[in-house]
There are 2 protein chains.
Amino acid sequence: MEKPGSAVPQRLKVRKTPVQTRSGATVEAIHEAAIQVLLAEGLTRLTTTRVAERAGVSVGTLYQYFPNKEALLFALLQRHFEELASAMEGIGPDDAKQPLSILAEQIADTYVSVKIARPDATAALYRVAGAIDQFRLPAEIYKRLEGSVLRILEKAGDASFNSPEQAAFTLLSALAGLSRGSFGNLTAGTIDPDRFRSEARMIATAYLTAAAQTKTKTVGDA
Amino acid sequence: MEKPGSAVPQRLKVRKTPVQTRSGATVEAIHEAAIQVLLAEGLTRLTTTRVAERAGVSVGTLYQYFPNKEALLFALLQRHFEELASAMEGIGPDDAKQPLSILAEQIADTYVSVKIARPDATAALYRVAGAIDQFRLPAEIYKRLEGSVLRILEKAGDASFNSPEQAAFTLLSALAGLSRGSFGNLTAGTIDPDRFRSEARMIATAYLTAAAQTKTKTVGDA
DNA sequence: TTCCGAACTGAAGGATCGTTCAGATATATT
DNA sequence: AATATATCTGAACGATCCTTCAGTTCGGAA
């Protein structure tokens, strides 16, 4: 049994790190193949053999980098979250204070951009989380994403939060929900990027403004 | 929130409708067992045999009511959405106009109440959607939920929406995201119902107010 | 060129899994 | 009580699945 929110368990760790160039390409090919199989065949037909075949390698090769199927799926999720966190960390590198509404829009825009950049991958990833038994986003990964949002919120010159962590959590959850709803399934429905972005902007701005407004002026309080 | 799809395909229809009392109890037991197996064993170990065993029946019995495993999972989701829609339809049965902020809180409260009533079922259901290949929430089911929200929004005496459908979709998606995050997929820890509720209220109120304010006065528009 | 470790192969093993169906049992009807 | 229908049983089957490992090929350092 895994403790929730702890570091990445041994069961899900990658098996070896690439030293030669080709193996790096192999890992990348496996990642990409997993997404494609997921979209084309569905979760129940997402097979290690099928993924390897699509990646142009043999099953044995796959198992040199991932100790089991779960670890492969976990790596996909981890990579996506890190990409998202990196994008967030690139927001407003200067230390200048800005209006909260501007910051909210930047957060929303960045979130939307990452999701839209790879619509197929986004749609695919929403299906894998349920496949990892007892899956919980490891604390270290979520904390990085949370931290990037917190650092942005600190730049607000016109507002402050009673509980920035709570605000970041709710904001990220809501954006995730909106994204999941918008991308629902790639095959039939068409995604309207403009609507997705404008709705994301609106809900981010509205929520953050409201959450900041409810700040209580009490000094020392738990 | 899933984008609405087509009607329920034959592949996912229930096989027979109960006529005797015992069979009704059997179906209920199977539903409940599926949730328990999902929570205790995870998605990959969610087996028709295991579900039947936990329900106290044999596999054959399960297959008398569900043509396949997918149909069982689909039934679980469908039931949950219908329960949610029913709860929403029970909001403000009178025709009196009310402030939008009050309505927003009622929507949030109702949503939270349904989710909190069965935390285990809620957490379990978030994992099954990915297991149904090419899953899309059938239009008839989503439309009912959307309709209940639209009817509530019409009662706002102090605001109106440019696109009520868009507002309902975004609101429901955001609430779904917040719920999913709160129930443990995103971060570790136990669920705090009070926080969940207050955050749901805040984001619902903030978003709906903002969306209503941005109403444009143009008459005929797509 | 030689050589060694890194990277890759893919058939085979062992374990489930989804699903069926012929027969047994329970309930309702006459 | 006898008959008809609804419900349940669970061993068995074919289809995959995940994973391993002995052997082969490739890349680069010497």
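Every chain is numbered from 1 and lettered A, B, ... according to where its sequence line falls, protein lines coming before strand lines.
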Practice task
Salt-bridge test for A:Lys143 and A:Glu146: reply yes if a basic N is under 4.0 Å from a carboxylate O, no otherwise.
Solution key: yes
Practice task
Examine A:Phe183 together with A:Phe196 and report whether their ring centres are nearer than 6.0 Å.
Solution key: yes
Practice task
Look at B:Thr49 and C:dG18 and indicate whether a side-chain polar atom (N or O) is within less than 4.0 Å of OP1 or OP2.
Solution key: no
Practice task
Let me know the distance between CG of A:Leu62 and C1' of D:dC21, rounded to the nearest Å.
Solution key: 16 Å
Practice task
Report yes if a side-chain nitrogen or oxygen of A:Ser58 is closer than 4.0 Å to either non-bridging phosphate oxygen (OP1 or OP2) of C:dC8; otherwise report no.
Solution key: no
Fill in the blank from the handout: Whole-Å distance, B:Asn68 CG to C:dG18 P, equals 11 Å
Practice task
Name the orientation class of the two ring planes belonging to A:Phe66 and A:His31 (parallel below 30°, tilted from 30 to 60°, perpendicular beyond 60°).
Solution key: tilted
Problem - Closest to side chain of A:Arg50, choosing from D:dT16, D:dC18, C:dA11 - result: D:dT16
Handout entry: Most 5' of A:Arg45 and A:Gly60 on DNA chain D, judged by nearest nucleotide
Key = A:Arg45
Problem - B:Thr26 side chain near D:dC8 phosphate (N/O to OP1/OP2, under 4.0 Å) - result: yes
Handout entry: Under 4.0 angstrom between A:Thr61 side-chain N/O and C:dA7 OP1 or OP2
Key = no
Exercise for the section: Rounded off to whole Å, could you give me the CD-to-C1' distance for the A:Glu53 and C:dC8 pair? Expected result: 16 Å
Exercise for the section: Specify the separation, in whole Å, of atom CG of B:Leu43 and atom P of C:dG18. Expected result: 10 Å
Handout entry: Nucleotide nearest A:Gln64 (side chain, heavy atoms from C-beta), chosen from D:dA11, C:dC8, D:dT7
Key = C:dC8
Exercise for the section: Assign A:Leu46 to base, sugar-phosphate, or nothing according to its heavy-atom contacts below 4.0 angstrom with the strands shown. Expected result: sugar-phosphate
Handout entry: Closest to the B:Val57 side chain, choosing from C:dT19, D:dC17, D:dT9
Key = D:dT9
Practice task
Check the distance between C:dA7's C1' and A:Ile30's CD1 and give it to me in whole angstrom.
Solution key: 11 Å
Handout entry: Nearest-angstrom distance from the residue atom NZ of B:Lys69 to C1' of D:dA15
Key = 14 Å
Fill in the blank from the handout: When rounded to whole Å, the CZ to P distance for the pair A:Phe66 and C:dA7 reads 14 Å
Handout entry: Side-chain H-bond candidate by donor/acceptor type, B:Ser113 with B:Arg197, under 3.5 Å
Key = no
Completion exercise
Atom CD of A:Glu41 and atom C1' of D:dC17 are separated, to the nearest Å, by 14 Å
Practice task
Describe the nucleic acid contact of B:Thr48 in one word from base, sugar-phosphate, nothing, applying a heavy-atom distance below 4.0 Å.
Solution key: base
Exercise for the section: Look at the side-chain N and O atoms of B:Tyr65 and state whether any lies under 4.0 Å from the OP1 or OP2 oxygen of D:dC8. Expected result: yes
Completion exercise
One should read off an interatomic distance between A:Leu46 CG and A:Arg127 CZ, to the nearest 0.5 angstrom, of 10.0 Å
